Structures are given as C-alpha cells and as structure tokens.
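Before any comments, here is the structure.
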Amino acid sequence: MPQIHPKTTPIYQTSVFTFEDLNDLELYFEQPTQQYMYTRYGNPNSDELAEEVNRLEGGAGAVATSSGMSAILTAVLTFCQSGDHLLCAEEIYGGSAALLSQELTRMGIAVTYVPSDSLYTLVDFVQPNTKLLLAETMSNPLLQVVDLKRLAAETKRTGIKLVVDNTFATPIITKPLSLGADMVIHSVTKYLSGHSDVTAGVVVAGTAEDSERSKQIMRTYGLNLSPFESWLAARGLKTLKLRMRQHCANAMAVAEFLEQHPNVKQVWYPGLAQHPQHELANGQGGGMFGGMLSFRLKDDELKTVNAFMQALQHIPFAPSLAGVSTSISHPLRTSHRSLSPEQQQKLGISLGVIRLSVGIEDTEELLQDLGQALDKV
Ligand SMILES: Cc1ncc(COP(=O)(O)O)c(C=O)c1O
C-alpha cells in the first residue's frame with residue numbers, strides 16, 4: 001500500500017483498535033494518550049474536535065460528548081455527588097432545568113434556581129454543600145447577558161465553581177474561562193458545528209484535574225460522541241469564526257429593521273442600544289452580539305403568529321437554532337412550554353414572542369422575506 005498523507009483527518013469509524021501483542025497493550029496502559037484502544041474511551045475524531053474547542057476556549061483540556069445535555073450532565077457530575085447542592089440561573093434552557101430538577105434530584109443532587117436580579121449576591125443561596133452554579137452567557141429567548149467576570153468573582157467569594165453554558169455566544173464572542181469560569185459546556189449541535197446536521201456536546205475544563213475527571217465520567221457513563229458526528233462537527237468548526245461574523249452582522253441588520261417595523265412591538269437583541277445589558281454585551285463580546293434575537297408582534301395573538309409563519313417564503317419554523325440558514329421558533333410553544341403560565345408571564349414570554357436564529361444568507365434576502373411576511377399580518 002502506498003504512503004497516504006490526507007490533508008484532512010479521515011473518519012476513524014471503528015469501535016476498537018488493534019494491538020501487536022501484550023507488550024503493545026502494556027504501552028497503551030502506560031501512556032494512554034499515545035494510542036487508542038476502544039472508541040468509547042477515546043477516538044482520533046472526537047479528540048480532534050475536543051482539542052480544537054479547547055484551543056478556542058483557552059481551556060486545560062476538553063472532552064466531546066454525545067449531546068449538549070450529556071455535556072451538562074458530565075459537568076455537574078465532575079463537581080457533584082449525592083448529598084450535594086447546586087445553583088442554577090433562573091433563565092436557563094428548559095432541557096437543562098429538566099435534567100437538574102427531574103433527574104439529578106432523584107440522584108440526591110438538590111437544585112435551587114437563582115433569579116436574575118440575585119445572581120451577583122449569592123450568599124443567601126449558598127449552603128455548606130453547594131458545589132457549583134450553572135449559568136448561560138446569553139439567555140434564551142430574551143438574550144439577557146450575564147456579567148461573567150462579576151459572577152465568577154461572586155462564585156469564588158462564596159467558594160463554589162462556575163459552570164458556563166456558552167452555546168449562544170461561542171468562544172468567538174466570549175471566552176468564559178478567561179473571565180474566571182471553572183468549566184464551559186456547549187451544545188455543539190448549535191454554532192460550533194453550525195449546519196443543523198449534528199447532535200453533539202463538549203466540556204472544556206479550566207484545570208487538568210477537572211479535565212481528567214470529566215473524561216473519566218464521559219467514558220464510564222458512555223457519553224462519548226461517535227467518530228462520524230465528531231468529524232462533521234470538527235469540519236463545521238473550521239468556519240466558525242467566519243460564520244459568526246456574518247451571523248452577527250445579519251442579526252444586527254435584522255434587529256434594526258424589526259425595531260422600525262410598525263407590526264413589531266418589541267425587539268430583544270444585545271446589539272441594540274436600548275437592550276438592558278448593551279454596554280456589558282459590547283465589552284464582554286468585543287463588539288459582537290451573536291446571531292440570536294427575539295421580537296414581539298404588535299398583535300400578540302396565536303393567529304397572527306401562524307399568519308406570519310405561513311407568509312414567510314424562505315425562513316422555516318424549526319425549534320432549534322444556530323444553523324447557517326435562518327429559522328424561527330416560538331418559545332411559548334417549544335422551549336418554554338413546560339413552564340407555568342406565571343413563570344412564562346414573569347419572563348415576558350407571551351404568544352406573540354418569536355425567536356429568530358439569524359443565518360448567514362445575504363442580508364437583503366433576509367430583510368425582504370421578513371418584511372413581506374410582516375406586512376401581511
Ligand atoms: C443553551 C443550550 N444548552 C444546551 C442545550 C442542549 O443541547 P443538545 O440539544 O445538543 O443536547 C441546548 C439545546 O437547545 C441549548 O439551547
């Protein structure tokens with residue numbers, strides 16, 4: 001067979017690796033990072049993905065996981081065991097809240113939700129057995145931006161770890177570890193892979209010790225990412241920076257357009273001067289505000305939302321986000337449907353709130369489609 005030097009990493013679609021003899025196997029156990037044995041323990045494709053995200057986030061080590069949910073599970077289990085308590089920012093992805101409230105509580109890990117206005121004064125929430133606080137850099141769907149430096153100062157002061165879900169911001173906009181966070185997780189399903197064709201996650205640790213522990217959890221619980229999904233995600237990651245620039249530029253243009261439209265009542269986008277954390281977002285994101293925004297239709301009614309969705313010609317309704325093509329979602333009926341009416345009202349999520357995941361299409365095309373659909377409602 002001729003010598004092969006591929007420019008890109010091949011897909012190591014194998015569940016197991018072979019050894020010459022027992023001496024060779026011993027070498028693996030002596031230096032497991034120099035060889036592979038079994039894909040659940042490690043695979044070149046998932047390692048390539050993890051190492052690249054680790055580099056982007058400035059971490060001490062990372063591990064790829066089968067989904068964003070398994071990344072959150074891995075992060076929690078890195079720091080917590082039965083009998084422990086954790087804190088979670090009140091505005092958090094519904095799936096994360098379900099994992100904490102419905103599943104981890106059954107394993108003896110208690111959770112308390114911290115309202116946004118108490119996030120920087122945790123003393124009343126921290127108990128002797130509290131191990132960590134989980135927060136998102138930008139919340140869904142109203143894009144509240146968390147001051148990570150301030151939050152990290154508070155978690156350090158109260159002696160707990162800070163775990164940040166950086167899915168919405170990406171390391172192109174914010175690097176939480178550099179601001180004092182202890183661990184970062186991503187739903188790689190979103191911007192990092194970027195093409196709406198992968199379900200994956202990643203955990204990036206701030207210390208080698210936490211990285212080792214999170215890898216151990218991934219292996220033992222079987223939370224690994226398959227070689228093909230890892231390869232797809234690593235491929236998507238190569239264009240992350242370019243994509244994010246266009247996502248951000250388009251989202252800014254769309255936010256300004258929606259703000260002026262007579263059929264739109266309110267727009268939430270951190271890039272707009274009237275957003276409550278605009279200054280913070282500007283500093284923390286280096287002038288980039290992300291590709292997600294939400295808006296409330298003037299007519300806050302279900303039939304108007306449906307009419308708007310039906311009138312759109314190129315933008316589909318898809319309850320996910322962060323792909324290269326724009327999509328809309330409806331928080332009340334998707335991500336936030338399990339909240340009580342009181343919680344929905346408290347957060348300000350009414351029927352007419354629509355979330356837009358702004359893609360990387362030509363800006364004019366986007367504005368044209370949104371404009372013609374809004375004119376019809
Ligand atoms: C902010 C955030 N974190 C985590 C997740 C879970 O990720 P996954 O669907 O890849 O498991 C999601 C999913 O939408 C999310 O939006």
Side-chain angles (χ1 to χ4, degrees), residues 46 49-50 53 57 62-77 86 88-104 113 116 132-146 148 162-171 173-174 176 181 183-204 218 221-226 229-230 232-233 236-237 247 268 270 290-294 317-323 327-339 347 349 355-358:
S46 48
L49 170 65
V53 181
E57 289 283 8
V63 62
T65 61
S66 57
S67 65
M69 292 308 299
S70 54
I72 297 170
L73 178 64
T74 303
V76 170
L77 295 181
L86 61 82
C88 181
E90 186 183 45
E91 281 195 47
I92 196 92
Y93 167 61
S96 312
L99 173 68
L100 302 179
S101 305
Q102 293 166 24
E103 299 300 331
L104 291 177
Y113 291 93
S116 305
L132 64 87
L133 179 131
L134 173 67
E136 293 173 0
T137 314
M138 289 182 195
S139 76
N140 173 26
L142 302 182
L143 288 312
Q144 299 298 305
V145 180
V146 168
L148 291 177
L162 175 59
V163 178
V164 176
D165 182 336
N166 201 28
T167 301
F168 271 42
T170 83
I173 297 181
T174 304
M183 187 165 270
V184 170
I185 71 95
H186 282 273
S187 168
V188 173
T189 314
K190 311 295 167 10
Y191 287 113
L192 298 197
S193 66
H195 295 73
S196 311
D197 52 11
V198 173
T199 299
V202 71
V203 180
V204 187
M218 178 283 290
Y221 282 77
L223 305 174
N224 57 294
L225 184 62
S226 78
E229 302 270 308
S230 301
L232 275 177
L237 201 56
H247 281 297
W268 292 271
M292 300 300 302
L293 63 87
S294 294
F317 166 34
S320 188
L321 60 119
S327 59
I328 63 165
S329 184
H330 189 256
L332 198 77
R333 288 291 163 97
T334 62
S335 53
H336 291 66
R337 74 179 291 143
S338 60
L339 297 190
L347 292 173
I349 302 168
R355 190 190 72 187
L356 204 52
S357 170
V358 182

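Everything numeric in this text was worked out from a predicted model, so none of it was measured. Counting starts at 1 for both ligands and their atoms, in listed order.
In terms of heavy atoms, Val53 sits closest to Leu237 at CG2-CD2, 3.7 Å.
Of the inter-residue distances, the one linking Trp268 atom CH2 with Ser139 atom OG reads 11.0 Å to the nearest 0.5 angstrom. Atom CD1 in Ile185 sits 8.0 Å away from atom OG1 in Thr65 (nearest 0.5 Å).
Applying the salt bridge (charged side-chain N to carboxylate O under 4.0 Å, His left out) test to pairs two or more places apart or on separate chains, none has a residue in residues 186-198.
Remark: Thr334 engages Ser329 in a side-chain hydrogen bond (donor to acceptor under 3.5 Å, both in side chains) (not counting sequence neighbours).
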Any protein N/O atoms within less than 3.5 Å of an N/O atom in ligand 1? List the atom names and distances, or say none.
from	atom 1	to	atom 2	distance (Å)
ligand 1	3 (N)	Asp165	OD2	2.6
ligand 1	7 (O)	Ser187	OG	3.0
ligand 1	10 (O)	Gly68	N	2.9
ligand 1	10 (O)	Ser187	OG	2.8
ligand 1	10 (O)	Thr189	OG1	2.6
ligand 1	11 (O)	Gly68	N	3.0
ligand 1	11 (O)	Met69	N	2.9
ligand 1	14 (O)	Lys190	NZ	2.6

What donor-acceptor contacts under 3.5 angstrom involve side-chain atoms of residues 162-171, with partners at least two apart or in another chain?
from	atom 1	to	atom 2	distance (Å)
Asp165	OD1	Thr167	N	3.0
Asp165	OD1	Thr167	OG1	2.5
Asn166	OD1	Thr137	OG1	2.7
Asn166	ND2	Glu57	OE2	3.0
Asn166	ND2	Thr174	O	2.9
Thr167	OG1	Ser187	N	2.9
Thr170	OG1	Ile172	N	3.2

